[in-house]
Protein chains: 2
Amino acid sequence: MGIRTRRKNKQEAETSSRRTQVTAQDLMDAAVRLLGTHRSVSTLSLREIAREAGIAPNSFYRHFRDVDELTVALIDQAGRALRGIIREARQRLSMERSAIRTSVEAFMDQLDADEKYLQVLLREMSTGSDAFRQAVERELTYFEDELRDELERMEKLTGHATFEPALTAKAITRLVVAMGASAASQSLDQRAELIDQTVIMIRMIMVGSQAMAKKA
Amino acid sequence: MGIRTRRKNKQEAETSSRRTQVTAQDLMDAAVRLLGTHRSVSTLSLREIAREAGIAPNSFYRHFRDVDELTVALIDQAGRALRGIIREARQRLSMERSAIRTSVEAFMDQLDADEKYLQVLLREMSTGSDAFRQAVERELTYFEDELRDELERMEKLTGHATFEPALTAKAITRLVVAMGASAASQSLDQRAELIDQTVIMIRMIMVGSQAMAKKA
DNA sequence: TAAGTGTCAATACAGGTGTATATTCATGTG
DNA sequence: CACATGAATATACACCTGTATTGACACTTA
């Protein structure tokens, strides 16, 4: 009696903070919220994330060993989103035309989806530790592999051969990612123009690849 | 007398730190040294840079208002290096062939030149404040403009028309930058392969662009 | 009921940080 | 010579950081 008054006061003010369990996902969401459009993960402090998620600094350790581990989790999420884009594109490809445009649009839309994991990936691609870069490279390689499959499948369907499908896929992937990185910090109608440009660029690559296949 | 003994001791140990004037350039060099291959500028503290440059924390303010201002200066330097690459490529183009390969090689070499400004640019492209991104975009636009001029000049020389030269230049630029960003964190023989890939990718774009010009 | 377990908060500590203030000194100028 | 100027320094302050320690509370399980 009288010993535990401190907590009670806090509880009164803070709406019973203990009640709801805080998950790893909550922490990831808090981090993304803090990152917004500009900050890189390395500028986030453990305390800041914990504060945003509404837990004590130390509770962070229940879910992640440190901020770096959380970052890798974010990148994994982004990779999942990326693969979702490809999978959708593949389905659309069988029924309608201009799969390129719809894929590019899907990619760009993913930039400001509810959880902006993709932006995190784009940002950590060039910044950050080796672990981050490796995680990003891994996800991009998945993407390239699926795109190559797609190109080879299309090759059989249309009869247009593709020159070095793996390289073509890589070129397209890197270009889209680069354009997406610019798009991330731009307004919506600027982004529309960027999408148009990206589509044309991809067409250049594919047309060029096919022309080089004929010549070789 | 007896009041100023503190300084004298320090002087003895530190080899007369006052003697040589510290320039803004020295601070920029110190920052690049600290950045190495992985850190982003936002992780540098003013004190850390000052320490590396061998000056007191407060002396930093004589040269830059804050770390952000120093970063923009670094990006400007990188842009100058970039324009140097284009200018060299232009001269080579008139006498020998395969200007593409030599340009790409020049670009990649610039990555680990003495002063690795280019790496800074690549890293701050996706991270960092609006000011950084704008600075980077500006430099890339310069690069694209010069490349477009080059493409148009080549168009007249060879008779091969180029489809939307501005867009073609942009595609090439963004692709090279993206490939350079991966190259920055790789070993030298991995980089050699990356250069080969980049050259082929550029050729795809140019061949595609020319084919689309004919059709349109 | 009692003990054990997992989740969180409170406190504390030893650092690092940006910057305000005042000081030291080498240098040029009258 | 005296003295103003400018560049660099030292000290100090309030703040934020990661994390170690300890204890509170809600649960299972016996």
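Just so we're on the same page: letters track the sequence lines, and every chain starts at 1. Below, each value reflects all heavy atoms present in this structure, side chains not excepted, and no hydrogens, waters or symmetry copies. Predicted model, so just to flag it, every value in this text is computed and none were measured.
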Within less than 4.0 Å of OP1 or OP2 of D/dT9, is there a side-chain N or O belonging to B/R51?
no
Main-chain N/O of A/V67 paired to A/T71 side chain as donor or acceptor, under 3.5 Å
yes
Whole Å only: how far is the CZ atom of B/R62 from the P atom of D/dA7?
6 Å
Salt-bridge test for B/R148 and B/E144: reply yes if a basic N is under 4.0 Å from a carboxylate O, no otherwise.
no
Tell me the stems DNA chain C sits in, counting at least three consecutive Watson-Crick or G-U wobble pairs, each under 3.5 Å on both distances.
C:1-30 with D:1-30
Could you state the CZ-C1' distance from A/F60 to D/dT17, rounded to the nearest angstrom?
14 Å
To the nearest angstrom, how far is B/E52 atom CD from C/dG16 atom P?
16 Å
Are the side chains of A/T23 and A/H63 in contact, using a 4.5 Å heavy-atom criterion?
no
Which atom names give the shortest non-hydrogen contact between A/G79 and A/E139, and what distance separates them?
CA-OE1, 3.2 Å
A/H63 side chain near C/dC8 phosphate (N/O to OP1/OP2, under 4.0 Å)
yes
Under 3.5 Å side-chain donor-acceptor pair for B/Q134 and B/R138:
no
Tell me whether the OP1 or OP2 atom of C/dA9 has a side-chain N or O from A/S59 closer than 4.0 Å.
yes
Every protein N/O lying under 3.5 Å from an N/O of nucleotides 18-21 of chain C:
| unit_1 | atom_1 | unit_2 | atom_2 | d |
| --- | --- | --- | --- | --- |
| C/dG18 | OP1 | B/L46 | N | 2.7 |
| C/dG18 | OP2 | B/L46 | N | 3.3 |
| C/dG18 | OP2 | B/R47 | N | 3.0 |
| C/dG18 | N7 | B/R47 | NH1 | 2.2 |
| C/dG18 | O6 | B/R47 | NH1 | 2.9 |
| C/dT19 | OP2 | B/Y61 | OH | 2.5 |
| C/dT19 | O5' | B/Y61 | OH | 3.1 |
| C/dT19 | O4 | B/R47 | NH1 | 3.2 |
| C/dA20 | N6 | B/N58 | ND2 | 2.3 |
| C/dT21 | O4 | B/N58 | ND2 | 3.0 |

Just by modelled atom types, is the B/F163 backbone N or O under 3.5 Å from a matching donor or acceptor in the B/S209 side chain?
yes
Between CG of A/L27 and P of C/dT7 the distance, given in whole Å, is 13 Å
Atom CZ of B/R101 with >12 non-hydrogen neighbours under 6.0 angstrom
yes
Taking the basic N atoms (NZ, or NE/NH1/NH2) and the acidic carboxylate oxygens, is any pair closer than 4.0 Å for A/R39 and A/E48?
yes
Minimum heavy-atom separation for A/V104 to A/I202, with atom names?
CG2-CD1, 3.6 Å
Distance in angstrom units between A/F64 CZ and C/dC8 P, rounded
13 Å
